[in-house]
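Notes to accompany the following structure.
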Amino acid sequence: MDADDAWVPYYDLLGIDITTVDDGYAAARMDLTDEHSAAPGTRVAHGGAVASLADSTGYWAISSANDLALTPTVDLRLDYLAPGTDDLRAEAEVIRNGTSVGSVDVLVEREGDGETVALGRGTFKTGGSDTRGAWGGE
């Protein structure tokens with residue numbers, strides 16, 4: 001799959017750019033703007049913006065390991081380790097791809113200095129019906 005095909009309208013809102021989608025791996029970036037800020041007059045990414053970047057990157061990693069099938073998020077856990085004060089990049093790698101759920105590890109870093117902003121793990125729904133997506137008719 002070409003990363004240009006990894007477009008979701010929500011990504012435009014936050015400026016998320018999926019740069020790589022490969023078998024069980026994905027990478028993305030997000031230019032930090034004033035609209036991402038956690039407080040007026042600061043340039044520190046809101047935790048929700050960081051979580052959206054991590055979730056989106058994790059989604060494409062697990063989806064690429066499942067023939068690009070719909071793989072909705074079941075759970076996402078993040079540890080925030082440093083402020084997001086620069087453009088952000090994320091990498092995600094599938095660590096388990098089961099028939100009903102899969103797990104993905106995600107790293108979010110500042111582009112300028114490579115400082116780790118967040119580490120996370122996502123659980124995504126895999127499998128399901130060919131006609132109803134991952135939830136199999138629910």
Side-chain angles (χ1 to χ4, degrees):
M1 172 181 175
D2 188 305
D4 292 335
D5 295 330
W7 178 79
V8 174
Y10 181 64
Y11 298 173
D12 286 343
L13 181 66
L14 290 180
I16 294 172
D17 180 25
I18 305 299
T19 57
T20 306
V21 177
D22 200 7
D23 189 27
Y25 173 85
R29 62 177 315 280
M30 182 172 66
D31 289 336
L32 187 63
T33 68
D34 291 342
E35 287 77 19
H36 294 111
S37 291
T42 67
R43 193 160 188 124
V44 176
H46 187 282
V50 175
S52 289
L53 177 62
D55 183 49
S56 300
T57 310
Y59 168 86
W60 284 104
I62 192 73
S63 182
S64 71
N66 288 280
D67 298 322
L68 301 178
L70 182 65
T71 54
T73 308
V74 174
D75 183 58
L76 178 67
R77 181 190 186 291
L78 288 177
D79 291 323
Y80 296 92
L81 304 175
T85 55
D86 195 356
D87 297 342
L88 300 174
R89 68 174 174 242
E91 293 187 74
E93 187 171 355
V94 174
I95 57 169
R96 182 184 187 280
N97 188 24
T99 57
S100 62
V101 294
S103 296
V104 179
D105 280 346
V106 183
L107 167 69
V108 179
E109 299 176 312
R110 292 191 301 236
E111 279 195 341
D113 62 8
E115 181 78 22
T116 299
V117 172
L119 292 172
R121 175 160 293 165
T123 303
F124 297 84
K125 180 73 176 94
T126 59
S129 165
D130 290 340
T131 59
R132 294 282 204 152
W135 295 108
E138 292 180 33

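Note that the structure is predicted; figures quoted are calculated from it, not measured. Quick note: residue numbers are just sequence positions, from 1.
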Worksheet entry | Side-chain heavy atoms of T71 within contact of Y59, under 4.5 Å | yes
Item to complete: Taking all heavy atoms of A26 and all of A61, pick out the closest pair and write down the distance.
Response: CB-N, 3.5 Å
Fill in: Basic-acidic side-chain contact under 4.0 Å: R89, D87
no
Worksheet item: What are the two closest non-hydrogen atoms of Y80 and A51, and how far apart are they?
Response: OH-CB, 3.7 Å
Fill in: Note, I16 side chain near M30 side chain (heavy atom, < 4.5 Å)
yes
Discussion item. Test your reading of the model: is there a side-chain donor-acceptor pair from S37 to the backbone of D34, 3.5 Å cut-off?
Written reply: yes
Worksheet item: Do V21 and Y25 share a hydrophobic cluster, counting only Ile, Leu, Val, Met, Phe, Trp and Tyr and linking them when any side-chain heavy atoms are less than 4.5 Å apart?
Response: no
Worksheet entry | Heavy-atom side-chain contact between N97 and I62 under 4.5 Å | yes
Worksheet item: Do L119 and R121 come close enough that some side-chain heavy atom pair is under 4.5 Å?
Response: no
Worksheet entry | Atom of I18, atom of A28 and distance for their closest heavy-atom approach | CD1-CB, 3.7 Å
Worksheet item: Same cluster or not: are L70 and L68 linked, directly or through other Ile, Leu, Val, Met, Phe, Trp or Tyr residues, by side-chain heavy atoms under 4.5 angstrom apart?
Response: yes
Worksheet item: Among side-chain atoms of T126 and N66, is any donor-acceptor pair under 3.5 angstrom?
Response: no
Discussion item. What I'd like to find out is whether the side chain of R110 reaches to under 4.5 Å of the side chain of L88, using heavy atoms alone.
Written reply: yes
Practice prompt. May I ask you to test the S100-K125 pair for a side-chain heavy-atom distance under 4.5 Å?
Written response: yes
Worksheet entry | Over 12 non-hydrogen atoms of neighbours within 6.0 angstrom of CG in D113 | yes
Discussion item. I need the D31 CG to D86 CG distance, nearest 0.5 Å.
Written reply: 9.5 Å
Worksheet item: Atom CD of E111 and atom CG of L32: how far apart are they, to the nearest 0.5 Å?
Response: 10.5 Å
Response to the item:
Scanning both residues in full, the closest heavy-atom pair of A54 with V108 reads CB-CG2, 4.0 Å
Worksheet, complete the sentence: A90 and T57 have their tightest heavy-atom pair at CB-OG1, 3.5 Å
Fill in: Connected via hydrophobic side-chain network under 4.5 Å: V104 and L78
yes
Response to the item:
Of all heavy-atom pairs linking V50 and A118, the shortest is CG1-CB, 4.0 Å
Discussion item. Quick check for you: to the nearest 0.5 Å, what is the distance between I95 atom CD1 and D105 atom CG?
Written reply: 4.0 Å
Worksheet item: Any side-chain heavy-atom pair from D55 and F124 closer than 4.5 angstrom?
Response: yes
Item to complete: Examine L14 and V106 and state if one hydrophobic cluster contains both, with Ile, Leu, Val, Met, Phe, Trp and Tyr joined whenever side-chain heavy atoms are less than 4.5 Å apart.
Response: yes
